[in-house]
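First comes the structure, then the notes that go with it.
Order of the sequence lines fixes the chain letters, A, B, ..., with proteins taken first and strands second; residue numbering starts at 1 for each chain. The figures here come from the full heavy-atom set of this structure, side chains too, leaving out hydrogens, waters and symmetry mates.
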Amino acid sequence: MLDLTDEKGFLCGRILGDLGADIIKIEPPEGDPGRGVGPFYHDIPDPQKSLFWFAYNANKRGITLNIETADGQQILKRLIENADILIESFSPGYMDGLGLGYPVLSQINARLIMVSITPFGQSGPRKSYKGSDIVSMAMGGFMYICGDADRPPVCPVAPQAYLNAGADAAAGAMIAYHHREMTGEGQHVDISMQESVALSIYLAVAYWEISRFHMKRYGSSRLLGSRVLSRMVWPCKDGYVNFVLHGGATGSRTNRALTEWMDEEGVLPEFMREIDWDKFDLAAVTEEQMGSFNGAVGRFFLKHTKAELYDWATRTQAMLYPVSHSEDLLGNVQLADRNFWTKVDHPELGDAITYPGAWAISSEAELGIRRRAPLIGEHNREIYEGDLGVTREELALLKQSGAI
Amino acid sequence: MGFNANQALQGVKVADFSWAAAGPVTTRYLAAHGATVVRIESAQRPDALRTSGPFKGGKAGVDRSGNFAILNANKYSISLNLKSPEGKQVARKLIAWADIVAENFTPGVMERQGLGYEEIRKIKPDIIMLRTSNQGQTGGQAKQPGFGQHLVGLCGFGYYSGWPDRDPLGFGMAYTDMIAPRFSVAALMAALDYRRRTGKGQVLDISQLETAIHFLSPQILDYTVNGRIGNREGNRCHYACPHGVFPCRGEDSWCVIAVFTDDEWHSFKQVVDRPWAEDMKFSTLQDRKRNEDELERLLSEWTVGFAAEHLMELMQSAGVPAGVVQSAEDVIDDPALKLRGSFWMMEHKVLGPATHLGQPFKLSKTPAQPRMPAPCLGEHTEYVCIRLLGMTDEEFVELVAAGAFD
C-alpha cells in the first residue's frame, strides 16, 4: 500500500499497517509537511523528531519521491502496478493535474483502490475550499456543542477531524478491499473530513430532527430535559473526576454507594438520605435540588483525590471515573493489566519510547508496533533497488534530478 | 426491501448482539454497504437507545427514539427471548448462519448466555467475533460499569479539551462510541480477508478506551518523551495565527479562521483591509503569536459585522481556511453533505420521515445505499426466521408457541 498523505491522513495507513499491510510512506525529498507538527522529541523542532509523525507513521516504511517531476511520476506508476491501495490527501484535482488521477491510475492497475482524504470531498460546491482540523470541526457541527455557555465554541483537542477522517479512510479502504477480493474490481474511496465529523455528532442531529432542539455548549455539564444542568466533570483534591447523576436502575447502585460513603464520613445531608434511589426520577429534579446536590457532592469530592475516588468506584462498582491526563493514563491499572503500553526502539536517538500499543487483541494475529516511523528516505535503497529493481546508477541519477 | 446487487459487502452476514452505540455504529458501516445485519434484540431488555430520548412527540416508546433510529438504518430486528431454550436455539441458528458476530456488552454477559467465543466457535468454527466493550475483555477493571460519557473523561478527551483557565469539557455525547467502530470495521474486513486466506475465524477484543487513546497519541508521547502533561489550549494552534473562532452577526453565530502560511496571512490582510492588519507587530507568525490576544480582539471587532456564511466565502475565495460553526440543523441542510448523502431520510413506521446516518464515505463503484429505515423492535422476527434462516412456517409457529420470541 502506498501512502501519499500529509497529517490529514496519516492514521489511515497506520491502522492498515497495524493490521499487517506493507505500507510505503511516500514523502517529498525535503520530508513530509506533517513532520513539522509538534510536539517534538526533547522539544527540538526537527523533521526527524516530530512525535506527531512518530505516533501516526509507525508500521510504515518510508521513501522520498518528487511526484511533480516526470521521473517521479514514472516511478509512482511503477509502484502502482503492484499496489493494492493508494492513500492520498492532496486538494481535489491535484493528482489529476499531475496525470495521476484515478482514471489514469485505474488504467495501470484496475484492481487499485485509491483513497482520497479531503476537507469537503472530491466534488460538490466546496471541494476547492481550504480546510484544516478546526474548519472541519466547525463545518461538521462538532464545535457548536463544545465549550462553555459564556464563551465561543471550542475545538476539542486537535486534530480530531484528521483522526476521524483517517480512521474512516481505513474502514472505507478495507470495505473496498473486501469488494475487490470478491470481484476483482478496484475503485475510488472519497473521504470528506466534514462528513466524518458530522457523523460523529449524530446525537445532536437526532435531537434537532426529532425534537427541534439544539444541543448547545454546556461546559463541564450536560443538560437534562431542556432545563436543568447536571455536572459531569467535578473538581476533586488533585484534579477532576467524571460522575454523572443517573436515575432509576441505571444510577441506583452508584448513588447508594456514594450516599453510604458520605454518611460514613459524616457529610451526608438529610435530603440525600431521604431519597429512595431505586425510584429516583432524574427528570423530576428541579434546578434548586440539583444545586443542593452539587453543593454537597462537590464538597465531598474536593476532599478526595482522583485515585481515592476511583479506588472506591472500582470497589463498589460505582460509575465514577477520573478525568485522566497523560500521566494518569500511564499509571492506569487496567491499561497496565492489558499490557497496553509498548516500548519502541529508536536507535537513531539512542532511546526507547513508550507508545500506545495494539488497539485490538486478535486470537490470530499481533497488531502491535513492528517498526518505528521511518526517517526521511530511510527505505529508498531497499524499495527502489530491492522491490523495483532500479540500478544503483539509475538511483544516483534520480537523486541528482531531484526525483528522490 | 429492494436490493441493489452492487454493494461492497453483499453477502456478508452479521449476527448483531450489540446495543447502545459502539456496537450498532460498527454494524451500521457494514449495513450501509450491503451486509445483511440482524439485530438480536429483546423486548424484555430493550436497547438502551430505544429507551432514551429524544422521542417522537416527546413520548417514550421503544420504536419512538430518534437516537436509536439514526444509527440503525438497513438492519433487521428480531426480538428473541434468550432465557428460553427455543430462543437460544434461534440464536445458535443465527450464529451458524453468520460470518460475523458482534457484541459490546460488559464482559461476561455473552458467557452467561452461553454465547462466549468458545461456545459460538463450536457452532461455527470459522466465526469472526467482535467484542468491543468499554475497557476490553481482560484486566481487573474490564467489568467496571460505565458509559461513553464516562470514557470521554477516562481516555483524556475531557482533560485536553476546553479552555486552559476553565474546567475540562464534559462532552454532552459519547464521542468514544464513534471512535472504536472505525477501527473495528477495518479489523473486521481484515478478519474476513484472513478467513479467506486461511479458513480460520477469530475473536477480536477491541477496547473503546484503547482506541480512543490512539486519538491522543501526541499527548501521550509528549509525556513519555518530554515529561509534559500539557493542558487545554482553547482554539489556538502552535503553528497558526490567527487560529480561532470569531463572532459574527446574529445570535450564537461564529466563523472559524485559520491562517497557517505567509501567503494565507497576505490574503487575509487583503480581505480584512484594515490598518491594524498592516501593523508590524503582526507581520510574522512569531509576531502574531506574541500579540495573539490583541490580534484576536481586533479581528473579533471586525468579524462581528459579517454574516458567518458571507465571511467564510470571503476568506475562502481569497484562499484562507475558514468555516462556519454549523449547528446540527446547518449540518443536515449543508449543500455538500446533502449532495454526498451523508444522511438518509426514510419513512419510518412510527417516526414518519426520519433522519438516519447515511453514507460514511463515498465508494465510487459501490456507494452505500439506503434500503430500509431503522427497524421497529422485532419487526423482522418472522422474516429472519423464515427467509434468512430457512425455517418452515410450521417451525416458526412452534417457536412462537414455545416462547422463543419476547
Chain B contact via A:F340 - which portion, at a heavy-atom distance below 4.5 Å: side chain

Engaged part of A:T250 at the chain B interface, taking heavy atoms whose separation is under 4.5 Å: side chain

N/O donor-acceptor pair under 3.5 Å between B:T224 side chain and A:T354 backbone: yes

Structural part of A:A204 lying under 4.5 Å from a heavy atom of chain B: both

Region of A:H325 in contact with chain B, defined by heavy-atom distances below 4.5 Å: both

Pairwise distance OG(B:S65) to CD1(A:I210) - rounded to 0.5 angstrom: 7.5 Å

Chain A interface, residue from B:L30, B:V12, B:L357, B:L339 that has the most non-hydrogen pairs under 4.5 Å: B:L357

Per-residue contact mode, A:I134 against chain B (heavy atom under 4.5 angstrom): both

Pairs of heavy atoms under 4.5 Å with chain A: top-ranked of B:R340, B:K56, B:H356: B:R340

Residue pair A:H178 / B:R196, side-chain heavy-atom distance below 4.5 Å: yes

Basic-acidic side-chain contact under 4.0 Å: B:E264, A:K130: yes

A:S326 side-chain N/O to B:I220 backbone N/O, donor-acceptor pair under 3.5 Å: no

Step-by-step salt bridge (charged side-chain N to carboxylate O under 4.0 Å, His left out) determination, A:R180 to B:D193: CA-CA 11 Å; A:R180 206 278 305 268; B:D193 181 53; over 6 Å; no

Portion of A:N164 that has a non-hydrogen atom of chain B nearer than 4.5 angstrom: both

Side chain, backbone, both or neither of B:C255 within contact of chain A (heavy atoms, under 4.5 Å): neither

Under 4.5 Å from a heavy atom of chain B, the part of A:R14 involved: side chain

A:Y144/B:Q326 under side chain to side chain donor-acceptor pair (under 3.5 Å): CA gap, chis, key distance, verdict: CA-CA 6 Å; A:Y144 189 83; B:Q326 299 207 98; over 6 Å; no

Approximate separation, where rounding is to 0.5 Å, of B:L154 CG and A:L335 CG: 7.5 Å

B:N226 (side chain) donor-acceptor with A:F40 (main chain) under 3.5 angstrom: yes

Atom pair NZ/OG of B:K362 and A:S192 - distance to nearest 0.5 Å: 10.0 Å

Option that, when pairs with chain B are counted at under 4.5 Å, heavy atom only, ranks first among A:R222, A:R253, A:R231, A:R217: A:R217

Residue selection (most heavy-atom pairs with chain A, distance under 4.5 Å) from B:R166, B:M189, B:Q135: B:R166

Polar side-chain atom of B:T211 near backbone of A:W359 as donor-acceptor pair, under 3.5 Å: no

Side chain to side chain donor-acceptor pair (under 3.5 Å) evaluation trace for A:H246 with B:Q149: CA-CA 12 Å; A:H246 283 285; B:Q149 59 194 213; 2.7 Å; yes

Proximity breakdown for A:I15 and chain B, heavy-atom pairs closer than 4.5 Å: side chain

Validation row: B:L9, A:H179 side chains within 4.5 angstrom (heavy atoms): no

Largest heavy-atom contact set with chain B, pairs under 4.5 Å, which of A:Y56, A:W341, A:F54: A:Y56

Donor-acceptor under 3.5 Å (A:E209 side chain, B:A354 main chain): no

Derivation of the side chain to side chain donor-acceptor pair (under 3.5 Å) call for B:Q359 and A:E195: CA-CA 9 Å; B:Q359 160 200 273; A:E195 183 170 71; 2.8 Å; yes

Main-chain N/O of A:P39 paired to B:H238 side chain as donor or acceptor, under 3.5 Å: no

Part of A:M215 within contact of chain B (heavy atom distance under 4.5 Å): side chain

Greatest number of heavy atom pairs closer than 4.5 Å to chain A - which of B:A187, B:A48, B:A258: B:A187

Region of A:I113 that comes under 4.5 Å of a non-hydrogen atom in chain B: neither

Interchain contact, A:M114 with chain B, by part (heavy-atom threshold 4.5 Å): neither

Interatomic distance, A:S132 atom OG to B:I257 atom CD1 [nearest 0.5 angstrom]: 11.5 Å

Pair listing, salt bridge (charged side-chain N to carboxylate O under 4.0 Å, His left out) test, anchored in residues 210-224 of chain B, at least two apart: A:R338-B:E210, B:D222-B:R228

Under 3.5 Å donor-acceptor, B:K365 side chain and A:G186 backbone: yes

Residue, of B:G146, B:S327, B:A190, B:G66, that accumulates the most heavy atom pairs under 4.5 Å with chain A: B:S327

Set of residues satisfying ring pair (Phe, Tyr, Trp, His ring centres under 6.0 Å) with respect to B:Y29, sequence neighbours excluded: B:F361

Side chain to side chain donor-acceptor pair (under 3.5 Å) assessment of B:Q202 paired with A:S362: CA-CA 7 Å; B:Q202 63 183 284; A:S362 154; 2.5 Å; yes

Residue among A:D18, A:I175, A:D337 with most heavy-atom pairs under 4.5 Å to chain B: A:I175

Structural part of B:A322 lying under 4.5 Å from a heavy atom of chain A: backbone

For chain A, the option from B:P321, B:A328, B:A336 that forms the most heavy-atom pairs under 4.5 Å: B:P321

A:K127 versus chain B, the contacting section by heavy-atom distance below 4.5 Å: neither

Derivation of the side-chain contact (heavy atoms from CB on, under 4.5 Å) call for B:M173 and A:I201: CA-CA 8 Å; B:M173 56 179 193; A:I201 57 131; 3.7 Å; yes

Contacting moiety of A:V333, where chain B heavy atoms sit under 4.5 Å: side chain

Taking every non-hydrogen atom, the tightest pair across B:Y160 and A:V157: O-CB, 3.4 Å

Exam field: side chain A:S220 to backbone B:L169, donor-acceptor pair closer than 3.5 Å: no

OG on B:S342 to CD on A:Q194, rounded to 0.5 Å: 7.5 Å

Gap between atom CE of B:M178 and atom CG of A:L199 - 0.5 Å precision: 6.0 Å

A:F142 and B:F171 aromatic ring geometry - parallel, tilted or perpendicular at 30°/60° bounds: perpendicular

Expected output: side-chain B:D205 to main-chain A:I361 donor-acceptor under 3.5 Å: no

Donor-acceptor pair, side chain of B:Q144 and main chain of A:A313, under 3.5 angstrom: yes

Contacting region of A:L329 [heavy-atom separation from chain B under 4.5 Å]: side chain

